[in-house]
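From a predicted model like this one, the values you see are computed outputs, not experimental measurements.
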Amino acid sequence: TSPFAWLRTRFYYLLIRLYFDQEFSIEEFTRGAKQAFSVVSKLLSQHKLDLLDELVSAEVLQVLKEKISLLPDNHRDALAADIDAIMYTTEGDVRIYYDDDGIKFVRILMRFWYLNGANLPDEVPGETKVFQIVFGDESTKEKRHLLTANYE
């Protein structure tokens with residue numbers, strides 16, 4: 001990340017502590033975000049969208065229902081991230097917004113890199129790169145993909 005982006009996010013963390021939560025910690029937030037990502041990604045992959053009612057807005061839930069139904073099974077399987085398979089997590093963009101009623105809220109984009117054993121093709125169309133990691137010896141190969149997900 002660029003030094004400017006790093007400084008900007010640290011400034012937003014200060015604003016969050018001053019105006020929203022005096023005990024805010026990005027480390028604690030990241031731990032909770034990893035747990036939430038693992039739970040939500042598994043529910044998405046299992047097509048259990050009704051269990052997301054309390055976690056996402058109605059508008060987002062409707063979009064998810066439409067998009068998830070179009071995915072092939074192997075791509076839906078790739079959505080699932082076990083918490084122990086998350087290799088790296090970082091915060092992306094951090095913003096503070098005001099709605100029409102003057103209510104403040106915070107948006108933090110989290111990026112997760114995780115290993116997944118879904119049966120994905122070696123070549124993925126477009127600009128997406130899927131990295132493959134092979135575990136074990138030649139007779140017991142287990143191919144896993146390093147995937148990335150962005151959650152707000």
Using atom types as modelled and distance alone, determine if a side-chain donor or acceptor of [X] lies under 3.5 Å from a backbone N or O of [Y].
X: Ser38; Y: Gln35; answer: no
X: Ser45; Y: Leu79; answer: no
X: Ser69; Y: Lys65; answer: yes
X: Asn116; Y: Asp77; answer: yes

Looking at [X], I want to see if its [atom1] is surrounded by more than 12 non-hydrogen atoms of other residues, nucleotides or ligands under 6.0 Å.
X: Glu66; atom1: CD; value: yes
X: Tyr19; atom1: OH; value: no
X: Phe105; atom1: CZ; value: yes
X: Glu152; atom1: CD; value: yes

Find the distance between [atom1] ([X]) and [atom2] ([Y]) and round it off to the nearest 0.5 Å.
X: Ile16; Y: Glu23; atom1: CD1; atom2: CD; result: 14.5 Å
X: Glu59; Y: Leu64; atom1: CD; atom2: CG; result: 11.5 Å
X: Arg76; Y: Ser41; atom1: CZ; atom2: OG; result: 14.0 Å
X: Leu7; Y: Arg10; atom1: CG; atom2: CZ; result: 9.0 Å
X: Phe11; Y: Ile96; atom1: CZ; atom2: CD1; result: 8.0 Å
X: Leu44; Y: Leu71; atom1: CG; atom2: CG; result: 9.5 Å

If two hydrophobic side chains count as joined below 4.5 Å and joins carry through other members, does [X] share a cluster with [Y]?
X: Leu51; Y: Ile68; answer: yes
X: Ile103; Y: Ile108; answer: no
X: Leu61; Y: Val63; answer: no
X: Val39; Y: Val60; answer: yes
X: Ile26; Y: Leu109; answer: no

Query - Within 45° cone and under 6.0 Å: Lys104 NZ/CZ vs Phe20 ring - result: yes
Report task. Return yes if a side-chain donor-acceptor contact under 3.5 Å exists between Glu91 and Tyr13, otherwise no. Result ->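 On atom types as modelled, these side chains qualify, holding a pair under 3.5 Å.
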Report task. Would you mind checking if Asp93 and Arg95 are paired as a salt bridge, meaning a charged N to carboxylate O distance below 4.0 Å? Result ->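 A salt bridge is present here (some side-chain N lies under 4.0 Å from a carboxylate O).
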Minimum heavy-atom distance between [X] and [Y], given as atom pair plus value:
X: Thr30; Y: Thr89; answer: CG2-CG2, 3.7 Å
X: Ala78; Y: Tyr114; answer: O-OH, 2.7 Å
X: Leu146; Y: Met87; answer: CD1-CG, 4.1 Å

Heavy-atom distance under 4.5 Å between the side chains of [X] and [Y], does that happen here?
X: Asp82; Y: Lys42; result: yes
X: Ile86; Y: Trp113; result: no
X: Phe29; Y: Met110; result: yes
X: Asp21; Y: Val106; result: no

Query raised in the report: Given the rule in the side chain to side chain contact (heavy atoms under 4.5 Å, CB included) test, do Leu55 and Val40 qualify, once you have shown the distances and angles that lead to the verdict?
Result: CA-CA 8 Å; Leu55 300 175; Val40 170; 4.0 Å; yes
Query raised in the report: Taking the six-membered ring for Trp, are Phe112 and Phe37 parallel (under 30°), tilted (30 to 60°) or perpendicular (over 60°)?
Result: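 Ring orientation of Phe112 relative to Phe37: parallel.
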